[in-house]
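Lettering follows sequence order; numbering is per chain, from 1. Below, all heavy atoms of this structure are taken into account, side chains as well, without hydrogens, waters or symmetry copies. These numbers come from a predicted model, not from an experiment.
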Amino acid sequence: MPELPEVEVTRRGFADRIAGARIESVRIGKPLRWALMVVPQALVGRRVREVRRRGKYLLIDLDRGLLLLHLGMSGSLRFDIHLPEPGVHDHFDLVTDLGTLRLNDPRRFGAVVYVDDEEAPWALKLLGGLGMEPLGDAFDLDAFHAGLKKRRTAIKQVLLAGDVVVGVGNIYASEALFMAGIRPTLSATRISKPRAAKLHAAVREILARAVEKGGSTLRDFSNVDGQNGYFQLEATVYGRAGEPCRVCGTPIRQLKQGQRSTYYCPHCQKS
DNA sequence: ACGGGAGCCTGGAAGC
DNA sequence: TGCTTCCAGGCTCCCG
């Protein structure tokens, strides 16, 4: 489901529309990843200030406290004045005077957690270990290279881990490594400064482009208006095992790293 | 402290 | 057609 671009596109789709809204009721469906850390009734009457994003988390600031929202593997949000009756996979409705925010998540790897502030234990636990934001000025090349130097694991898994840089999911990790010409299995600590610079630029470019295009790389991603993503971005390597590399024609290879599929071109990507 | 693997859920596609 | 197996965009937790 969603990697950083999809989460950011989701955020942009309702942030301005929900700002200033008064919460009128909360409906809970099946349990998500963790219990909602608040009695739903306690949210009634509070107002939404703004919606921010940190990594793949959405932070809904209220006039008191905030909601941390994660879409997991299969989550999506909708926001509208009128929504149909909740279905079996609609597990959270935040009903406000400006519209209802609804989380649909078939696999229920997503989460909705309430905390008093960002220093609360749950906030620290969920957000505390996150790495640099890849979009914006805080994504510093020297810090990125230094972060990679400390890790002996394969670079693909370091990207996914999110403690050096956040937001790069399984699709964009393969794509960024292809763009940077780096073999996914290469130990992160062995990446030179020039190659780290290439990867740094690739991560930025891939994610920024995906945000611009509306996060439509994923086949079942739908935005907050319920519109389905149609492929505007074509994957260069992801999901293309056996097909010719778009640059050199060599068949794309697939392997497993930490139970996740990785795709790469054995000719274009060097160890 | 790090790295590897199991586990959390459900639905769709592929295989027999 | 029906059953079984595999696979999926994320992340935590437990173990060595």
Student: Determine: side-chain N/O of A:Ser261 to OP1/OP2 of C:dA8, distance under 4.0 Å, yes or no.
Tutor: yes

Student: Where along residues 184-193 of chain A does a heavy atom fall under 4.0 Å from DNA chain C?
Tutor: none

Student: Name the one of A:Asp105, A:Leu77, A:Ile28 that satisfies side chain to side chain contact (heavy atoms under 4.5 Å, CB included) with A:Phe92?
Tutor: A:Ile28

Student: Rounded to whole Å, how long is the line connecting atom CG of A:Leu69 with atom P of C:dC11?
Tutor: 13 Å

Student: Could you give the CZ-to-C1' distance, from A:Arg33 to C:dC11, as a whole number of Å?
Tutor: 5 Å

Student: Report the distance from atom CD of A:Glu6 to atom C1' of C:dA8, rounded to the nearest whole Å.
Tutor: 14 Å

Student: Among residues 149-170 of chain A, which ones have heavy-atom contacts with DNA chain C below 4.0 Å?
Tutor: A:Gly169, A:Asn170

Student: At the 4.0 Å heavy-atom cut-off to chain A, mark where contacts on DNA chain B begin and end, going 5' to 3'.
Tutor: B:dG3 to B:dG11

Student: In whole angstrom, what separates A:Arg260's CZ from C:dT12's P?
Tutor: 13 Å

Student: Testing the 3.5 Å rule here: is there a donor-acceptor pair between the side chains of A:Thr262 and A:Lys156?
Tutor: yes

Student: Between A:Gln254 and A:Gly258, just flag the one whose closest nucleotide in DNA chain C comes earlier from the 5' side.
Tutor: A:Gln254

Student: Decide yes or no on salt bridge (Lys or Arg N to Asp or Glu O under 4.0 Å) for A:Glu133 and A:Arg53, but give the supporting numbers first.
Tutor: CA-CA 10 Å; A:Glu133 283 291 332; A:Arg53 180 189 55 74; 2.9 Å; yes

Student: Go through A:Arg49 and A:Asp61 one step at a time and tell me if the salt bridge (Lys or Arg N to Asp or Glu O under 4.0 Å) criterion holds.
Tutor: CA-CA 5 Å; A:Arg49 283 207 168 124; A:Asp61 287 303; over 6 Å; no

Student: Return the value, rounded to whole Å, for the distance between atom CG of A:Leu255 and atom P of C:dC7.
Tutor: 13 Å

Student: Looking only at side-chain N and O atoms, does A:Tyr263 offer a donor or acceptor that is under 3.5 Å from a partner on A:Gln254?
Tutor: yes

Student: Does A:Arg152 CZ have over 12 foreign heavy atoms under 6.0 Å away?
Tutor: no

Student: Take A:Glu50 and A:Ile60, measure what side-chain contact (heavy atoms from CB on, under 4.5 Å) needs, and give me the verdict at the end.
Tutor: CA-CA 6 Å; A:Glu50 61 173 336; A:Ile60 303 181; over 6 Å; no

Student: Please step through side-chain contact (heavy atoms from CB on, under 4.5 Å) for the pair A:Arg195 and A:Lys270, ending with a clear verdict.
Tutor: CA-CA 11 Å; A:Arg195 301 188 86 193; A:Lys270 317 284 190 201; 3.8 Å; yes

Student: Find the distance A:Gln259:CD to C:dC13:C1' and express it as a whole number of Å.
Tutor: 12 Å

Student: Distance between the P atoms of B:dA6 and C:dC6, in whole angstroms?
Tutor: 14 Å

Student: A:Trp34 has an atom CH2; how far is it from atom P of C:dG10, in whole Å?
Tutor: 14 Å

Student: Which pair of heavy atoms, one from A:Ala196 and one from A:Ile191, lies closest together, and at what distance?
Tutor: N-CG2, 3.6 Å

Student: Run the side-chain contact (heavy atoms from CB on, under 4.5 Å) test on A:Ile252 and A:Tyr264 for me, step by step, so that the C-alpha distance in whole Å, both residues' side-chain angles and the decisive distance to 0.1 Å come before the verdict.
Tutor: CA-CA 6 Å; A:Ile252 299 300; A:Tyr264 70 99; 6.0 Å; no

Student: With pairs taken as Watson-Crick or G-U wobble and both distances under 3.5 angstrom, which stems of at least three consecutive pairs involve DNA chain C?
Tutor: B:2-8 with C:10-16, B:10-16 with C:2-8

Student: Answer yes or no: side-chain N or O of A:Arg107 and base N or O of C:dA8 forming a donor-acceptor pair under 3.5 Å.
Tutor: yes

Student: Would you mind checking if A:Glu118 and A:Arg54 are paired as a salt bridge, meaning a charged N to carboxylate O distance below 4.0 Å?
Tutor: no

Student: Name all residues meeting the ring pair (Phe, Tyr, Trp, His ring centres under 6.0 Å) criterion together with A:His200; count only those two or more places apart in sequence or in a different chain, and write none if there are none.
Tutor: A:Phe139, A:Phe144

Student: Is there a side-chain contact between A:His70 and the phosphate of C:dC11, meaning an N or O under 4.0 Å from OP1 or OP2?
Tutor: yes

Student: Tell me, with the steps shown, if A:Lys193 and A:Asp142 meet salt bridge (Lys or Arg N to Asp or Glu O under 4.0 Å).
Tutor: CA-CA 8 Å; A:Lys193 187 73 177 284; A:Asp142 290 331; 2.7 Å; yes

Student: Side chains of residues 14-25 of chain A: which donor-acceptor pairs under 3.5 Å do they make with residues two or more places apart or in other chains?
Tutor:
| residue | atom | partner | partner atom | Å |
| --- | --- | --- | --- | --- |
| A:Arg17 | NE | A:Gly13 | O | 3.3 |
| A:Arg17 | NH2 | A:Gly13 | O | 2.9 |
| A:Arg17 | NH2 | A:Asp225 | OD1 | 2.8 |

Student: Quick one: is C:dC13 close enough that its OP1 or OP2 comes under 4.0 Å of any side-chain N or O from A:Lys125?
Tutor: yes

